[in-house]
Structure formats: C-alpha cells, structure tokens
Amino acid sequence: MRELVLTTASPEETRELGRLLGSLLSGPMTLLISGDLGAGKTCFTQGFARGLDVPAEEAVASPSYTLMNQYHGRLELAHFDLYRLNHPDDLDDLGFDEVVAGDGVTVVEWADRFPDLKLPGLVLHLEYLDEQRRSIALRARGTAAEKELEKLAVQWQQKRGDK
C-alpha cells in the first residue's frame, strides 16, 4: 500500500488517528505533514505523541516560534514547524539532518514549504472539509513506511468497524 486517504469526523478523531499511528511504530520514522492553517496538523501530532507514550501531562504544542520541540516517550519525538523558515540553510542551523538520522521519530509540520525534502517515511496532507471533518491523505515513501501504512489501514478499519 502506497497511499491511504481517510476522513475524520472531529478533532478528537484526528487525534485518535495520530495516536493509533504512534502506537504502531516500533522504530525511527519521519512524518512530513502539510495542510492549510487549521487543517489539524498539530491536532494529529498531539495524538501521535500520545501513541508514542509521551505523558499526558506533557503539553504537545506547535513549535511555531521555537521551531522544534522534543518529547520523551517510548521513542523520542522531535516536532519541527517549518512555517517561519525561508531557506534550506535554516534547517542546517536547527540540526535537522542529524535529528532525522537519529533513533527517534520526527514530525515536520509545514513540510511543503521545503519541497526538496524527499525523506523516506510518511507524507501526510490534511485538508479542511468543514468545521469538524478532515481528509487525511497518507503516502508512504519506502518499505518501512509502507508496512506502517498497511498496519494503520487494518487497525483504523477495525476501530471504525467497532463503532
């Protein structure tokens, strides 16, 4: 499976999708996330962090001004926000390549601002459908990401079937 398109019905369900994906990961992965302002990128990431066992008392927020936040869970999570960056050299200043090459998980919001980022992992695009609903397209780059996407598709379908 190379691509999966899902619709969530609420911010809670968007978080739940993120949590489910985070709970399935067993090793390093990069998630490149794009979508308009308010599409749910941070909401998804909040759930994703919980799936990685980042403690609930640790607030997960978009690093709009700090540019990167780190969280400690079952796997280390580096959360980047590229919205305010303008040049690929800015990524070097953040140590981006070293973080991505590490043993943890990297989430990159506003990844579409740097179209040359062709990293292996999962590419997500969140689209605002209405006040509550979001369309989330997930595309795999590489074998490891394909396996994770297949697991997510099965688990999400089972979860949806329970409702």
Side-chain angles (χ1 to χ4, degrees), residues 1-36 39-63 68-82 96-112 114-115 117-129 132-163:
M1 171 178 297
R2 303 236 4 113
E3 185 171 64
L4 177 65
V5 179
L6 303 171
T7 301
T8 59
S10 65
E12 294 77 22
E13 200 170 57
T14 299
R15 278 188 201 89
E16 179 57 23
L17 178 61
R19 189 206 61 75
L20 183 59
L21 178 59
S23 73
L24 295 171
L25 289 185
S26 59
M29 180 69 57
T30 300
L31 279 68
L32 302 172
I33 305 178
S34 65
D36 290 337
K41 297 177 295 296
T42 300
C43 187
F44 179 89
T45 303
Q46 290 168 338
F48 184 74
R50 299 302 172 235
L52 291 172
D53 298 330
V54 171
E57 58 272 3
E58 191 167 354
V60 176
S62 181
M68 182 188 69
N69 291 334
Q70 291 187 293
Y71 304 99
H72 305 286
R74 183 172 43 79
L75 297 168
E76 295 295 310
L77 172 60
H79 180 195
F80 287 90
D81 184 321
L82 306 185
F96 182 82
D97 290 338
E98 293 81 12
V99 172
V100 169
D103 292 334
V105 178
T106 305
V107 170
V108 182
E109 290 190 35
W110 296 99
D112 53 327
F114 291 85
L117 286 179
K118 303 291 184 197
L119 301 168
L122 291 170
V123 179
L124 289 77
H125 180 75
L126 285 78
E127 189 171 321
Y128 181 94
L129 297 177
Q132 298 291 316
R133 296 180 316 123
R134 302 297 186 264
S135 173
I136 303 173
L138 300 99
R139 195 173 74 247
R141 286 187 186 158
T143 306
E146 283 186 41
K147 289 178 182 175
E148 298 299 337
L149 195 56
E150 287 172 11
K151 288 192 295 188
L152 178 64
V154 169
Q155 293 291 319
W156 186 251
Q157 185 59 39
Q158 287 176 350
K159 188 169 224 22
R160 301 288 287 198
D162 292 343
K163 291 185 177 183

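The figures that follow rest on heavy atoms only: side chains count, while hydrogens, waters and symmetry mates do not. In this chain, residues are counted from 1 in sequence order.
For the pair Ser62 and Thr42, the tightest heavy-atom approach, listed with the atom from each and the gap, is CB-OG1, 3.3 Å. For the residue pair Ile136 and Leu138, the shortest heavy atom distance occurs at O-CD1, 3.7 Å. Scanning both residues, Val100 and Thr30, for their nearest heavy atoms gives CG1-OG1, 3.6 Å. Closest non-hydrogen pair, Gly27 versus Val105, comes out as O-CG2, 4.1 Å. Heavy atoms only, all atoms of each residue included: Ala145 and Ala140 are closest at C-CB, 3.7 Å. Nearest heavy-atom pair, Leu122 versus Met29, reported as atom, atom and distance to 0.1 Å: N-SD, 4.2 Å.
Leu117 has its side chain within reach of Leu82: a pair of non-hydrogen atoms, C-beta onward, lies under 4.5 Å apart. Two residues are said to be in side-chain contact when any heavy atoms from C-beta on lie closer than 4.5 Å; Phe80 and Val99 meet this criterion. Within the 4.5 Å cutoff, no side-chain heavy atoms of Asp81 are placed close to those of Lys41. Counting only heavy atoms from C-beta outward, the side chains of Gln70 and Glu76 never approach each other to under 4.5 Å. Residues Phe48 and Leu77 meet the side-chain proximity criterion, which asks for heavy atoms closer than 4.5 Å. Using a 4.5 Å heavy-atom cutoff, the side chains of Leu32 and Arg141 are in contact.
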Test side chain to side chain contact (heavy atoms under 4.5 Å, CB included) on Leu119 and Phe96 and set out the steps.
CA-CA 12 Å; Leu119 301 168; Phe96 182 82; 3.9 Å; yes
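Rounding to the nearest 0.5 Å gives a distance of 7.0 Å between CG of Leu20 and CH2 of Trp156. Here the CG-CG distance, from Leu4 to Leu17, works out to 8.0 Å after rounding to the nearest 0.5 Å. Expressed to the nearest 0.5 Å, how far CG of Leu31 lies from CZ of Phe44 amounts to 6.0 Å. To the nearest 0.5 Å, atoms CD (Gln132) and OG1 (Thr8) are separated by 9.5 Å. Here the CD-CZ distance, from Glu16 to Arg19, works out to 4.0 Å after rounding to the nearest 0.5 Å. In this structure, Ser10 OG and Arg133 CZ are separated by 11.5 Å, a value rounded to the nearest 0.5 Å.
Counting only distance, with no hydrogens or angles, the side chain of Glu13 and the backbone of Ala9 share a donor-acceptor pair below 3.5 Å. Side chain of Arg139 to main chain of His125: no donor-acceptor pair is present (N/O by atom type, distance under 3.5 Å, no hydrogens or angles). A donor-acceptor pair under 3.5 Å links the side-chain atoms of Arg74 to the main chain of Gly22, judged by distance alone.
Contact check on Glu148 versus Lys151 returns a salt bridge, with a Lys/Arg side-chain nitrogen under 4.0 Å from an Asp/Glu carboxylate oxygen.
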